[in-house]
A.B. asks: 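Okay, here's the structure, questions in a sec.
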Amino acid sequence: MVAVGTVYGWTTTSLSRLTSGASDVPVKITDDEGSWIVSLTVIGSMIGPFLGASLADRYGRKRCLLLASGFFIVGWIIVFFAETVVALYISRVILGVGVGISYTTNPMYVSEVADVEIRGALGTLIAVNVFTGSLLTCSIGPWVPYHFLTGVLIAIPILFVACFFWFPETPAFLAARGRNAEATRSLAFFKGIRDRDEARRELEYTLRNVFIEDVRDNIPVTGPGARTEPVKRSWMAKLKLMLLPSNTRALGIILGLIATQQLSGNFSTIQYLEVLFKKAAIGIDSNVATILVLTVGLISCGLSTATVEGAGRRPLLIASTLGSSVTLAVLAIYLTLDERGVDVSAANLLPVIDVIVFQVIFQIGIGTLPNALIGELFPTEVKAFAGAVSTVFDGILGFAVSKLYQVIGDSLGTDTVYYFFAASCLLSFVMVTFTVPETKGRTFREIQELLGGSDKKTETAERSQDQSGTV
């Protein structure tokens, strides 16, 4: 996810250099070409989920994450040697595919290896590490040559492959495919268990009480007439599972939160942060202001990680959506006054302060928790499918917002864009208040009961009783 952050951070720090035709860049681009560089990453991120979801279910989460690193490495190599805008376009699509695979597969891997007590905190680390990558890129980008920065960005996915290669596949994936011995070794690795019998007992307990029931349904059982091969569900079967009431409700919640992420304007604001600060004439170096905002965003993500298990998911989301709406409205009002010729020189630092406050409020909830909830709300068998749908939806909205941000800002004014962002967050506040359940400290089975209602509870209890000897 640090590598994902570098993909976003590169545009933040390099876009102005490319449009101004700095001496160390290979090609000078127009503002329209710059907006395509931003948007094509989103198009690639819509391709990645289909590839990631299919391969994650077929070959495992680990191999899929290693594949994502391959896309990052190839993409940055093309950037390093690019001499034309077309080459930059191609590289951004390839990098976007890596982003899509990562966002689809990473929540699956994290949620399947994490203990219930720290699952939410580990889920928020996805956003923390994206910010780490963006901050790293923006911190060194303005002061080093173009090709040196690209070399650093190539090294990050290479380092990931060297480290992650030694990690095992998730116990849930292995158990669902009948590879119980490997699942036991994997669980022993993540929990630090040395005794083989203890690891086996821990796997049995985990399958009964932590992983949801369709994982157990895929485990080969013994006895007369028992199947010996795990069930392999087709995409059509997974689609039918997705249409169950609990899963459709979960998907609706996730898509609503993702829509809020995009329609809050956070992605577009970060991508065009340096340009926005230059327009606002804030009085300090725009690169320094950008680093300051990203640093605060990273700290805020860390704050979410530290508080999510104590405060819970729902209260953080409620506070985040309402606070984001207020801060975006303040920025919109400032931009309105500025564009109408009102002297705002006495408050020229307001955009920086407001964007910093927005980052704090946004990242403690809506910026970090949707990724964690993807891993918590869906059964294992549909998690990849749900992740693919969510990432594609995110990509479509992201492409539209990032492309229209510049267009609408030029035609109707940047203030109009931020009024729309503020209204979107306000609507999300209403949605979260009435639809999002609290998942803190709950097992997958308990979460499914919350989503499915009382009928689901009865069905789950009956299935649990009927299948108590499955493991």
Side-chain angles (χ1 to χ4, degrees), residues 1-15 41 45 65-66 68-69 71-73 75-76 79 95-96 98-107 109-110 113-114 118 120-144 148-164 167 261 266-267 269-271 273-274 287-308 316 320 355-356 358-372 374-375 394 398:
M1 300 315 293
V2 174
V4 170
T6 64
V7 175
Y8 297 138
W10 183 86
T11 52
T12 303
T13 189
S14 300
L15 212 55
T41 308
S45 71
L65 288 173
L66 292 173
S69 295
F71 280 95
F72 292 134
I73 293 169
W76 288 125
V79 172
L95 290 168
V99 169
I101 294 175
S102 299
Y103 268 119
T104 302
T105 314
N106 208 321
Y109 191 94
V110 169
V113 302
I118 60 169
L122 288 179
T124 63
L125 282 177
I126 292 174
V128 171
N129 289 323
V130 171
F131 250 94
T132 301
S134 295
L135 179 59
L136 173 67
T137 309
C138 292
S139 297
I140 64 177
W143 294 281
V144 300
F148 181 87
L149 173 63
T150 309
V152 172
L153 303 186
I154 293 173
I156 292 174
I158 292 175
L159 179 63
F160 171 77
V161 171
C163 295
F164 188 64
F167 278 67
Q261 283 185 324
N266 180 69
F267 175 76
T269 301
I270 293 298
Q271 297 295 291
L273 203 55
E274 187 179 349
N287 289 318
V288 175
T290 299
I291 293 172
L292 181 62
V293 170
L294 291 175
T295 301
V296 172
L298 177 60
I299 295 172
S300 302
C301 289
L303 183 64
S304 175
T305 302
T307 59
V308 66
L316 289 178
S320 181
V355 172
I356 287 174
F358 168 71
Q359 281 299 312
V360 172
I361 296 173
F362 180 85
Q363 296 302 338
I364 63 170
I366 197 65
T368 54
L369 292 178
N371 290 321
I374 289 175
D394 182 55

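Basis for what follows: all heavy atoms, side chains included, without hydrogens, waters or symmetry-related copies.
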A.B. asks: Ignoring hydrogens, what is the shortest heavy-atom contact between P370 and G365? Give both atom names and the distance.
C.D. replies: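 Heavy atoms only, the tightest pair is CD-O, 3.9 Å.
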A.B. asks: Restricting to side-chain contact (heavy atoms from CB on, under 4.5 Å), what partner residues turn up for T105, sequence neighbours left out?
C.D. replies: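 If we apply the side-chain contact (heavy atoms from CB on, under 4.5 Å) test to T105, skipping adjacent residues, the hits are A56, R61, C64, L65, I101.
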A.B. asks: Using the test ring-ring contact (aromatic ring centres under 6.0 Å, His included), find all partners of Y103 that sit at least two apart in sequence or belong to another chain.
C.D. replies: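 ring-ring contact (aromatic ring centres under 6.0 Å, His included) check on Y103 returns nothing, list empty.
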A.B. asks: Can you list everything that forms a side-chain hydrogen bond (donor to acceptor under 3.5 Å, both in side chains) with D394? Sequence neighbours excluded, please.
C.D. replies: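 With sequence neighbours excluded, D394 shows a side-chain hydrogen bond (donor to acceptor under 3.5 Å, both in side chains) to Q262, given in chain and number order.
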A.B. asks: Do V4 and F72 touch side chain to side chain, with heavy atoms closer than 4.5 Å?
C.D. replies: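 Yes, close enough: below the 4.5 Å cut-off.
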A.B. asks: L159: which residues meet the side-chain contact (heavy atoms from CB on, under 4.5 Å) condition with it, sequence neighbours left out?
C.D. replies: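 If we apply the side-chain contact (heavy atoms from CB on, under 4.5 Å) test to L159, skipping adjacent residues, the hits are C163.
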A.B. asks: Quick one: does any side-chain atom of S134 pair with a main-chain N or O of G5 as donor and acceptor, under 3.5 Å?
C.D. replies: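 Checking the backbone N and O of G5 against the side chain of S134, a donor-acceptor pair under 3.5 Å is found.
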A.B. asks: For F164, which residues count as a ring-ring contact (aromatic ring centres under 6.0 Å, His included) partner, sequence neighbours excluded?
C.D. replies: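 ring-ring contact (aromatic ring centres under 6.0 Å, His included) list for F164, sorted by chain: Y109, F160, F167.
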A.B. asks: Shortest non-hydrogen contact from Q261 to I366?
C.D. replies: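 Distance-wise, the nearest heavy atoms are NE2-O, 3.0 Å.
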A.B. asks: The criterion is side-chain contact (heavy atoms from CB on, under 4.5 Å); which residues satisfy it with I158, sequence neighbours excluded?
C.D. replies: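 With neighbours one apart ignored, the set is I73, I154.
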A.B. asks: If you look at every heavy atom in A68 and G98, which pair is closest and at what distance?
C.D. replies: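 Looking at all heavy atoms of both residues, the closest pair is CB-O, 3.9 Å.
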A.B. asks: How close do T6 and T137 get, heavy atom to heavy atom, and via which atoms?
C.D. replies: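 Closest pair (atom of T6, atom of T137, distance): CA-OG1, 3.4 Å.
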A.B. asks: Using atom types as modelled and distance alone, determine if a side-chain donor or acceptor of S139 lies under 3.5 Å from a backbone N or O of L135.
C.D. replies: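 Yes, the answer is positive, given that a donor and an acceptor are paired below the 3.5 Å cut-off.
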A.B. asks: If the condition is side-chain hydrogen bond (donor to acceptor under 3.5 Å, both in side chains), which residues does T41 pass it with, not counting sequence neighbours?
C.D. replies: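 Once residues adjacent in sequence are excluded, the partners of T41 under the side-chain hydrogen bond (donor to acceptor under 3.5 Å, both in side chains) criterion are R92.
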